[in-house]
Amino acid sequence: MKHLLPLPRRAETGPGSAEIAPGSAVSGPAPLTDAVRLALPVLDLRVLDLRVLDLRPGDAATAAVLVEEDPRLGPEAYELTIAGDGVRIAAGDRAGAFYAAQTLRQLLPAEAFRSAVAPGTSWTVPCGRVEDAPRFSWRGAHLDVARNFLPKREVLRMIDLMALHKLNRLHLHLADDQGWRVESRAFPLLHEVGSHRPQTITSHKGEAPAFDGVPHGGHYTLSDLAEIAAYARAREVMVVPEIDVPGHASAVLAAYPALASRPQERYEVLNRWGISPAILSPLPATVDFLTTVFAEITDALGDVPYFHIGGDECVLDDWAASAEISAYQASLGLETTGDLHAWFLRRLADALAEQGSRAVVWDEAFVSGRLRPDTVVMPWRGEHVARRAAAAGHDVVATPVFPMYFDYAEAASPEEPAGLGDAITVADVVAFAPAPSEWPEEERARVIGAQFQLWSERIPDGRTLDYRAWPRGCAAAEVAWTGGPAAPEDFFPRLEAHLARLDAFGVEYRPLSGPRPWQRGGTGWRRHRPGAVDVQDVMRHLHELSLSADSTRPSL
């Protein structure tokens with residue numbers, strides 16, 4: 001039991017072992033047995049349904065895995081007991097049963113992480129006991145499908161990998177300057193026009209602009225979203241959609257320029273990285289438009305407790321230059337465009353609340369003020385603004401650039417594939433404490449979780465996604481489950497053992513020793529430029545910006 005990841009609260013090994021073979025029986029309440037079977041697909045467990053078979057409760061002892069619900073354990077908690085006569089799982093809920101089965105899978109040989117095994121395979125698992133529950137309720141992965149679109153199969157696979165690591169929030173970044181990625185039946189030009197661009201920039205910052213000349217695009221239908229949500233829900237993952245407004249709006253305005261602060265201009269889906277000054281108008285027509293689109297997305301996804309509305313990196317110059325918007329601002333009794341930015345996001349949060357969702361925002365929206373008290377803040381600009389948000393009474397999900405932005409390279413080396421900057425290592429991630437011990441307890445209690453970010457400017461495909469996400473995502477899962485930080489001398493031996501499981505699962509992760517020959521950056525835009533952007537310099541700059549309520553354009 002010494003190689004479990006994330007580390008459980010308590011694990012002890014006893015004498016002896018139990019045998020488990022594909023086709024073994026599992027017995028218990030249907031929702032819990034379904035979760036166990038889903039977490040252990042290679043075992044193809046056979047449900048022993050006492051009601052259907054008309055068996056006495058004592059006959060359940062013949063099952064290799066017996067599952068029972070114990071509400072006293074609490075949400076997502078479980079107790080896993082392995083004895084010579086089989087496996088017993090007590091779970092606080094369905095999620096607890098699912099996570100118990102994931103732990104059981106790790107106690108089996110790494111071959112249990114393959115899609116199928118040879119006929120006649122049988123494994124032994126060491127006897128012992130695990131008692132476990134997560135420190136945080138939000139254990140997230142952010143996936144940007146707007147900059148570079150990822151087909152549905154990659155999203156479903158990401159959900160599978162999240163489930164293996166007990167991660168439970170998939171934050172889908174569905175719209176940005178470089179693309180709109182979801183069908184709208186009410187406003188079809190969003191996906192017909194906004195979902196593709198004619199080419200993509202390949203030059204680095206400071207070089208003469210160069211482009212690949214290759215059209216790029218794609219979007220998910222509303223039926224795709226429903227499928228993704230159902231697939232995720234079965235694996236105890238909640239989808240958190242993001243439509244980033246009012247900035248990052250080039251793709252929206254390419255489809256519906258009337259929603260712009262300068263509606264007379266022509267807009268295009270952005271073919272370069274960075275942000276654009278293009279911004280949605282804050283007028284009532286925009287609020288009505290977005291409310292309709294939000295409703296389409298929530299209806300497709302089903303239950304949507306959280307909906308991210310962005311609020312970051314907004315260039316407000318066009319608002320200040322518009323006589324109509326200035327008059328509207330004055331009619332609301334607002335003094336500055338920053339106040340109007342805050343009012344606009346508050347209005348959208350109110351609309352989402354009417355639809356049954358809590359708004360989530362990046363930290364610029366908190367700094368601007370006027371948030372609903374129930375709005376969740378993602379402080380990407382560092383610990384200082386995170387603490388301010390927590391002290392103000394907001395629930396906080398820790399998402400700082402360092403060490404949770406996985407678009408940064410893992411080493412300052414030209415052998416790395418191109419990253420935004422350098423460096424964020426596995427060791428950096430596992431040393432992270434989302435709720436620092438020096439904070440007062442009331443502020444620490446406001447930290448509901450942590451999340452790593454996969455911004456996709458430099459993630460063009462699924463193979464690169466694997467490389468960027470893992471094994472740093474393993475470290476993030478450890479921190480989010482246990483509360484972090486972890487001692488390196490304890491974590492890295494467990495990670496080494498865990499990498500064999502990822503090998504069996506088919507994950508093209510970055511080896512701890514560096515990229516494999518075919519994973520290296522190569523030439524041109526694919527090759528990393530070490531030293532061009534230092535993440536610690538970035539963090540100092542972002543902290544300074546977060547001190548001003550008007551700091552809405554830090555990366556322009």
Side-chain angles (χ1 to χ4, degrees), residues 138 140 142 171 205 244 247-248 273-275 308 310-316 336 338 341-342 345 360-371 375-410 412 419-425 427-440 442-444 446-455 457 472 476 479-480 484-485 531-556:
W138 189 301
H142 161 285
H171 175 173
K205 185 177 180 181
D244 195 353
H248 293 275
W273 310 132
I275 64 172
H308 205 302
D312 63 313
E313 298 180 324
C314 299
V315 182
L316 303 179
T336 69
H341 173 263
L345 294 172
V360 187
V361 295
W362 300 111
D363 65 58
E364 289 97 326
F366 160 71
V367 173
S368 292
R370 297 179 184 267
L371 290 182
T375 298
V376 179
V377 177
M378 288 188 169
W380 68 284
R381 294 186 291 181
E383 177 184 319
H384 299 283
V385 69
R387 183 173 180 181
R388 286 156 53 200
H394 289 285
D395 285 345
V396 166
V397 178
T399 58
V401 170
F402 182 82
M404 302 300 272
Y405 269 37
F406 291 179
D407 51 333
Y408 279 72
E410 295 178 65
L420 176 61
D422 49 62
I424 294 176
T425 67
D428 292 328
V429 179
V430 82
F432 179 51
S437 58
E438 60 269 23
W439 291 12
E442 60 270 22
E443 294 173 5
R444 298 182 76 241
R446 282 293 180 181
V447 180
I448 62 173
Q451 176 177 285
F452 64 87
Q453 279 58 242
L454 290 159
W455 299 104
E457 291 95 330
R472 289 185 294 188
V479 165
V533 178
D534 180 83
V535 69
Q536 298 301 336
D537 290 341
V538 169
M539 292 306 296
R540 284 188 287 271
H541 176 59
L542 292 175
H543 167 59
E544 293 170 0
L545 289 168
S546 73
L547 299 176
S548 169
D550 295 326
S551 63
T552 60
R553 54 170 117 189
S555 63
L556 188 65

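The figures that follow rest on heavy atoms only: side chains count, while hydrogens, waters and symmetry mates do not.
- Residues Val377 and Leu371 are in side-chain contact: their nearest non-hydrogen atoms beyond the backbone lie under 4.5 Å apart.
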**Message:** Run His543 and Met539 through side-chain contact (heavy atoms from CB on, under 4.5 Å) and show every step you take.
**Reply:** CA-CA 6 Å; His543 167 59; Met539 292 306 296; over 6 Å; no

**Prompt:** Passes side-chain contact (heavy atoms from CB on, under 4.5 Å), Val360 versus Met378? Steps please.
**Reply:** CA-CA 7 Å; Val360 187; Met378 288 188 169; 4.0 Å; yes

**Request:** Show the numbers, then the answer: is there a side-chain contact (heavy atoms from CB on, under 4.5 Å) between Phe406 and Val429?
**Result:** CA-CA 10 Å; Phe406 291 179; Val429 179; 3.8 Å; yes

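- Within the model, atoms CD of Glu364 and OG of Ser546 stand 9.5 Å from one another, a figure rounded to the nearest 0.5 Å.
- Across all non-hydrogen atoms, the minimal contact from Ala389 to Val396 is CB-CG2, 3.8 Å.
- Here the shortest heavy-atom pairing between Ala476 and Phe452 reads CB-CD2, 3.5 Å.
- To the nearest 0.5 angstrom, Glu442 atom CD is 10.5 Å from Arg446 atom CZ.
- The distance from the OG1 atom of Thr336 to the CG atom of Leu316 is 8.5 Å, given to the nearest 0.5 Å.
- Side chains of Val447 and Trp439 form a contact here, defined as non-hydrogen atoms less than 4.5 Å apart.
- Contact detail for Pro436 and Arg444: the closest heavy-atom pair is O-NE, 3.1 Å.
- From Leu547, atom CG reaches atom CZ of Arg388 across 5.5 Å, with rounding to the nearest 0.5 Å.
- For the pair Thr399/Pro379, a side-chain contact is recorded, criterion being any heavy-atom separation below 4.5 Å from C-beta on.
- Across every non-hydrogen atom of Gly382 and Val385, the tightest pair is O-CG1, 3.3 Å.
- Note that CH2 of Trp380 and NE2 of His142 are 11.5 Å apart. Values are rounded to the nearest 0.5 Å.
- Annotation for Pro434 and Ala450: closest pair CG-CB, 3.8 Å, computed over non-hydrogen atoms.
- In this structure, the side chains of Asp312 and His248 come closer than 4.5 Å at one or more pairs of heavy atoms.
- With rounding to the nearest 0.5 Å, the separation of OH in Tyr405 from CD1 in Ile424 is 10.0 Å.
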**Request:** I would like to know whether Leu454 and His171 meet side-chain contact (heavy atoms from CB on, under 4.5 Å); could you show each step before the answer?
**Result:** CA-CA 10 Å; Leu454 290 159; His171 175 173; over 6 Å; no

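- In this structure, Trp362 and Gln453 approach most closely via the heavy-atom pair CH2-CG, 4.3 Å.
- The backbone N or O of Tyr408 sits nowhere less than 3.5 Å from a side-chain atom of Asp422 that would complete a donor-acceptor pair.
- Under a 3.5 Å cut-off, the side chain of Arg381 and the backbone N or O of Leu542 do not form any donor-acceptor pair.
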